[in-house]
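One structure is given here, and the rest of the page talks about it.
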Amino acid sequence: MPEISIIIPTWNSANMIHQCLGCLVQQTIQDFEIIIIDNASLDGSVKNLKEKWSNLTFQIEKLDENKGYAIANNIGARLARGKWLALLNADAFPEPDWLEKLLHAAEENPEYEFFASRQIQATSPDLLDGAGDAYHITGLAWRRHYNQLMQAYGHQAEEVFSACPTAALYSCEEFLKVGGFDEDYFSYFEDVDLGFRLRLSGAKCLYVPEAVVHHVGSASTGKRSDFSVYYGYRNMIWTFVKNMPAPLFWIFLPLHITAVLFFAVYLTLRGQGKIIWKAIFDAIRGLPKMIEKRKSIQKNKKIKPSELLRVMSTGLFEPLQEFIHRNKGK
């Protein structure tokens with residue numbers, strides 16, 4: 001049985017999957033299996049992979065339609081035989097000791113159940129792509145230190161709210177125990193939602209700066225696409241409704257609504273009004289189902305709201321500062 005199961009979802013990833021697999025061949029530890037879940041790619045993403053990469057142990061599951069990032073990873077997790085799940089995007093290229101550093105962190109820090117990597121922008125290697133996920137009391141979330149200078153930020157190992165599944169390590173047992181990714185999400189914000197539910201179950205996340213990957217980012221969907229706007233904001237609302245425990249839910253609900261309306265106006269002025277309002281209305285239509293999920297999540301939570309608040313971002317102007325920095329030069 002392998003120690004680690006690496007899950008790679010693909011969707012029209014033919015131009016990157018070979019580079020990703022090439023990086024896995026070079027890993028300093030090889031006690032892993034690879035599970036590729038192909039979301040009905042049209043570009044031959046998984047064609048001849050087994051023949052070309054015969055020195056790797058992996059299986060390929062081809063889906064008959066694009067069922068989304070969340071479902072693809074969940075299928076992979078159910079097929080996994082390893083103690084640990086290493087989630088890796090096809091456009092993420094890990095350095096040779098990436099797995100070794102994550103596994104070492106897991107062994108040295110048994111009080112943590114999931115681990116975030118240090119992500120560097122593949123096209124701008126002097127800039128960070130992320131250092132774990134931050135979750136704000138408004139319900140907004142972002143990758144820590146995104147677009148910051150790589151040499152200046154993200155060198156300290158520390159507890160973070162959650163991990164970006166572009167390149168992350170999860171206890172397979174804990175991942176499956178909370179149900180994996182919410183399959184209603186399709187894509188976007190599913191990592192924060194999973195991290196939130198893991199948090200409520202008592203799990204903790206450690207950022208491991210020595211575990212480095214180079215990430216292209218939004219290679220399939222585009223950073224400002226209607227696709228990313230729709231799923232990002234719809235799922236953000238659902239995540240807040242499902243997971244924020246009382247009394248924090250009622251305290252921060254006005255801030256959440258304000259944040260949603262602010263970005264609705266901003267995106268409308270940017271020419272994406274139709275898609276952002278569709279996201280909001282669809283989120284509202286889906287609230288009855290999310291409230292049912294909330295009942296189960298909150299019933300089984302194992303931490304106090306004060307413990308959760310400790311790992312959340314609370315500065316009122318943090319989202320604005322993050323937004324300005326993220327869009328600097330664009």
Side-chain angles (χ1 to χ4, degrees), residues 16 20 23 87-89 91-98 101-102 105 109 112 114-169 188-192 194-196 199 204-225 228-229 232-233 236 239 259 262-263 266-267 270 309-330:
M16 297 186 199
C20 180
C23 292
L87 305 191
L88 185 66
N89 283 8
D91 66 344
F93 314 127
E95 294 193 353
D97 60 353
W98 171 66
K101 296 300 184 182
L102 285 176
N109 300 276
Y112 291 91
F114 58 126
F115 302 84
S117 302
R118 177 177 171 86
Q119 297 173 202
I120 297 171
Q121 295 182 31
T123 55
S124 301
D126 58 329
L127 298 177
L128 282 172
D129 184 65
D133 288 339
Y135 187 83
H136 192 257
I137 54 177
T138 58
L140 296 167
W142 55 84
R143 294 199 299 274
R144 299 168 63 248
H145 303 315
Y146 175 82
N147 239 15
Q148 300 277 9
L149 286 173
M150 185 268 293
Q151 295 294 340
Y153 293 90
H155 294 286
Q156 181 70 37
E158 57 187 316
E159 184 176 2
V160 294
F161 185 84
S162 62
C164 174
T166 291
L169 188 72
Y188 283 92
F189 231 84
E190 73 291 313
D191 56 337
V192 178
L194 171 64
F196 211 142
R199 280 278 173 195
K204 299 195 299 181
C205 183
L206 181 68
Y207 166 61
V208 185
E210 299 86 7
V212 179
V213 297
H214 301 264
H215 182 219
V216 176
S218 299
S220 298
T221 61
K223 293 183 179 181
R224 292 188 171 192
S225 66
S228 62
V229 167
Y233 285 92
M236 180 189 77
T239 297
F262 170 84
F263 281 101
Y266 168 76
L267 288 165
R270 200 175 74 180
L309 193 60
R310 179 182 61 83
V311 292
M312 292 170 61
S313 298
T314 57
L316 285 179
F317 297 105
E318 278 186 81
L320 182 60
Q321 292 168 347
E322 181 67 23
F323 173 75
I324 293 171
H325 187 82
R326 177 175 288 266
N327 290 276
K328 183 172 62 177
K330 297 181 180 179

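Note that these values count all heavy atoms, side chains included, but never hydrogens, waters or copies made by symmetry.
- Shown here are the side chain to side chain donor-acceptor pair (under 3.5 Å) partners of Asp191, two or more places apart in sequence or in another chain: there are none.
- One distance of note links OH of Tyr153 with NE2 of His145; it measures 8.0 Å at 0.5 Å rounding.
- Put simply, the side chain of Arg144 never gets that close to the backbone of Gly132: no donor and acceptor are under 3.5 Å apart.
- Between Tyr207 and Gln156, the closest heavy-atom pair is CD2-O, 3.2 Å.
- With rounding to the nearest 0.5 angstrom, the CD atom of Gln119 is 11.0 Å from the OH atom of Tyr146.
- The main-chain N or O of Ala259 is never found under 3.5 Å from a side-chain atom of Thr138 such that the two would form a donor-acceptor pair.
- By the side chain to side chain contact (heavy atoms under 4.5 Å, CB included) test, Leu127 is found to be paired with Gln121, Ser124, Asn147, Leu149, residues two or more places apart in sequence or in another chain being considered.
- Residues Glu190 and Pro165 form a side-chain contact, since some pair of their non-hydrogen atoms from C-beta on lies under 4.5 Å apart.
- Shortest non-hydrogen contact noted between Ser162 and Val192 is OG-CA, 4.1 Å.
- By the side chain to side chain contact (heavy atoms under 4.5 Å, CB included) test, Ala163 pairs with Phe114, Ala116, Ala168, Tyr170, Cys205, sequence neighbours left out.
- Listed by chain and number, the residues in a side chain to side chain contact (heavy atoms under 4.5 Å, CB included) with Glu159 are Tyr112, Arg199, Lys204, Arg310, Val311 (sequence neighbours excluded).
- The ring-ring contact (aromatic ring centres under 6.0 Å, His included) test applied to Phe161 returns Tyr135, Phe196, not counting sequence neighbours.
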Arg118/Leu128 under side chain to side chain contact (heavy atoms under 4.5 Å, CB included): CA gap, chis, key distance, verdict: CA-CA 8 Å; Arg118 177 177 171 86; Leu128 282 172; 3.8 Å; yes

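- Considering only residues two or more places apart in sequence or on other chains, Phe262 meets the ring-ring contact (aromatic ring centres under 6.0 Å, His included) condition with none of them.
- Closest heavy-atom contact between Ala131 and Val160: O-CG1, 4.0 Å.
- Residue pairs meeting the salt bridge (charged side-chain N to carboxylate O under 4.0 Å, His left out) criterion with at least one member in residues 131-143, sequence neighbours excluded, are Asp129-Arg143.
- Qualifying side chain to side chain contact (heavy atoms under 4.5 Å, CB included) partners for Ala92, counting only residues two or more places apart in sequence or in other chains: Leu88, Asn89, Thr166, His215.
- The minimum heavy-atom distance linking Val212 with Pro209 is given by the pair CG2-O, 3.6 Å.
- Side chain of Glu322 to backbone of Leu320: no donor-acceptor contact under 3.5 angstrom is found.
- Partners of Phe93 according to the ring-ring contact (aromatic ring centres under 6.0 Å, His included) rule, which considers only residues two or more places apart in sequence or in another chain, do not exist here.
- When every heavy atom of Phe189 is checked against every heavy atom of Leu140, the shortest pair comes out as CZ-C, 4.5 Å.
- Using a 4.5 Å heavy-atom threshold, the side chains of Trp98 and Cys23 count as separate.
- Residues forming a side chain to side chain donor-acceptor pair (under 3.5 Å) with Glu95 (at least two apart in sequence, or on another chain): His214.
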